Amino acid sequence: MQKGVHAKPGMVPPPPGEESQTVVLPPGWQSYLSPQGRRYYVNTATNETTWERPSSSPGIPASPGPHRSSLPLTVNGYHTSGTPAHPPETAHMSVRKSTGDSQNLGSSSPGKKQSKENTITINCVTFPHPDTMPEQQLLKPTEWSYCDYFWADKKDPQGNGTMAGFELLLQKQLKGKQMQKEMSEFIRERIKIEEEYAKNLAKLSQNSLAAQEEGSLGEAWAQVKKSLADEAEVHLKFSAKLHSEVEKPLMNFRENFKKDMKKCDHHIADLRKQLASRYAAVEKARKALTERQRDLEMKTQQLEIKLSNKTEEDIKKARRKSTQAGDDLMRCVDLYNQAQSKWFEEMVTTTLELERLEVERVEMIRQHLCQYTQLRHETDMFNQSTVEPVDQLLRKVDPAKDRELWVREHKTGNIRPVDMEI
């Protein structure tokens, strides 16, 4: 990912012929001298800096030219480029005003400050301002990818603060793993039912009820009982395949998934904490610069009314401290942007990996559920095959033939009785 390029606030020599300007400045503006002796101006309300003397009429210096495409982040008059992201909707925000690329303290051609804010900081993350920045292109247009829609934080449903977008993705992954586990448990229960059913069928097939039925009907009845034993065997095989081909793969798929997710969570969380720490350092450096500027302003005023012989030396010291404070601020901003860039890169990489894992998980479950239905079809066909002999024998049942066979075997005589004669 491209990181911002940050300019140091070093001073430049004044242009030839610049005169000391003692004209009264507009309200809120103060003048200072750079270490090289060049006069510059600071708006104490906005911390805007410019080489041009502000006009006494309403307004502010004009901007020297258009913004760069990299969206500058400005802090106390110093700017650096931040990492663009979608504007979030949560609180804890601070707005930084951009003064253009040329409006650094060390710039040779300062201009007017922009009238609107270009960036907005929310929970220590810098985003482009939704009202002034052009719309961003999605990283993966038309795909609704994780890497495009989870940059901001979201309010906790319990109202106990905010939840990072990455945390929502992580919870979805863990929930998916839990659903997968529950599906495996469901299949296990089905296996138990199949095994118990097979056991009962086998037991019933050994029952001696109606064992003395004779003839073609007796043969069909015997086949009914045998079909129960065959069906029991089919269900035992079905349960065994459910275990090996559906339940076990579901249970064992990514056994270390939860552990791996915790590693991802800790890594992203650590980067986010580092970003917050860098942001706190920027805020601290900004306050320090403001204090140094106020001290320089006070000593400059003392010089003008000649309150002390040491004022000029004090001003030099104050100027050096102010410059050092500006350098410290830029260093902190640079470290902040580096931390944000690293977080941005890891967020993109990790969210795309989570997206891949989710697609893989869903596809794996789909395939094994298809296997489940295929086994069901096969079981039904096998069950059908066990009753086909029964159907064939039932079609052959012939009461007349059965009667003939039985009579032939058990007859006691075919001479009928006659009337008695006198």
Side-chain angles (χ1 to χ4, degrees), residues 1 83-93 122-127 130 136-190 246-276 339-373:
M1 300 296 171
T83 301
H86 282 291
E89 301 176 354
T90 51
H92 307 292
M93 61 179 67
I122 302 178
N123 290 345
C124 304
V125 180
T126 303
F127 299 95
Q136 293 177 336
Q137 285 288 339
L138 297 176
L139 298 176
K140 299 182 72 176
T142 74
E143 294 189 24
W144 291 94
S145 175
Y146 289 168
C147 68
D148 277 318
Y149 296 98
F150 293 90
W151 292 106
D153 296 343
K154 187 177 182 180
K155 288 185 178 180
D156 192 327
Q158 284 74 31
N160 298 325
T162 58
M163 178 183 298
F166 182 78
E167 183 66 22
L168 288 174
L169 290 175
L170 199 65
Q171 286 187 2
K172 175 174 174 55
Q173 295 291 316
L174 295 176
K175 179 180 178 181
K177 179 63 176 178
Q178 178 63 28
M179 294 303 98
Q180 177 182 316
K181 179 182 177 182
E182 292 181 10
M183 289 179 189
S184 178
E185 292 173 352
F186 179 90
I187 298 299
R188 186 184 306 123
E189 290 300 315
R190 176 62 193 267
V246 181
E247 181 210 0
K248 192 174 181 180
L250 284 176
M251 181 61 69
N252 295 338
F253 184 66
R254 295 199 189 118
E255 289 183 341
N256 298 323
F257 182 79
K258 199 167 185 178
K259 185 177 180 181
D260 293 340
M261 287 300 99
K262 285 184 178 180
K263 289 181 180 178
C264 289
D265 185 24
H266 291 161
H267 181 53
I268 296 295
D270 288 344
L271 290 175
R272 187 66 182 269
K273 288 177 182 178
Q274 183 181 16
L275 183 61
Q340 180 165 263
S341 228
K342 181 63 176 176
W343 173 73
F344 175 84
E345 294 170 9
E346 292 300 321
M347 276 286 290
V348 171
T349 301
T350 307
T351 54
L352 287 177
E353 177 64 11
L354 293 182
E355 188 175 296
R356 184 191 68 80
L357 291 175
E358 176 67 4
V359 171
E360 189 178 72
R361 182 189 73 89
V362 172
E363 180 61 21
M364 183 277 302
I365 292 176
R366 186 193 69 81
Q367 290 179 359
H368 285 88
L369 291 183
C370 286
Q371 180 65 13
Y372 167 79
T373 58

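Every heavy atom of this structure was used, including side-chain atoms; hydrogens, water molecules and symmetry mates were not. The structure displayed is predicted, hence computed values, not measured ones.
In this model, no donor atom of one side chain and acceptor atom of the other lie less than 3.5 Å apart for Gln371 and Gln367.
When every heavy atom of Leu139 is checked against every heavy atom of Asp148, the shortest pair comes out as N-OD1, 2.7 Å. Closest heavy-atom contact between Leu138 and Tyr149: CD1-OH, 3.2 Å. Between Leu250 and Gln180, the shortest heavy-atom contact is O-NE2, 2.8 Å. Between Gln173 and Tyr146 the shortest heavy-atom distance is NE2-CE1, 4.0 Å.
Side-chain contact between Trp144 and Glu355 is absent, with no heavy atoms from C-beta onward closer than 4.5 Å.
Taken to the nearest 0.5 Å, the CG atom of Leu169 stands 11.0 Å off from the CG atom of Leu174.
Looking at Ser184, its side chain does come within 3.5 Å of a backbone N or O of Glu247 through a donor-acceptor pair. For Lys140 (side chain) and Leu352 (main-chain N/O), no donor-acceptor pair under 3.5 Å exists by modelled atom type.
Heavy-atom contacts from other residues, nucleotides or ligands closer than 6.0 Å to NZ of Lys248 number 12 or fewer.
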Query raised in the report: Can Arg272 and Asp153 be said to form a salt bridge (charged side-chain N to carboxylate O under 4.0 Å, His left out), step by step?
Result: CA-CA 12 Å; Arg272 187 66 182 269; Asp153 296 343; 2.8 Å; yes
Requested in this report: Step by step, work out the ring-ring contact (aromatic ring centres under 6.0 Å, His included) result for Phe344 and Trp151.
Outcome: CA-CA 9 Å; Phe344 175 84; Trp151 292 106; 4.9 Å; yes
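Of the candidates Arg361, His368, Glu363, Arg361 is the only one forming a side chain to side chain contact (heavy atoms under 4.5 Å, CB included) with Ile365.
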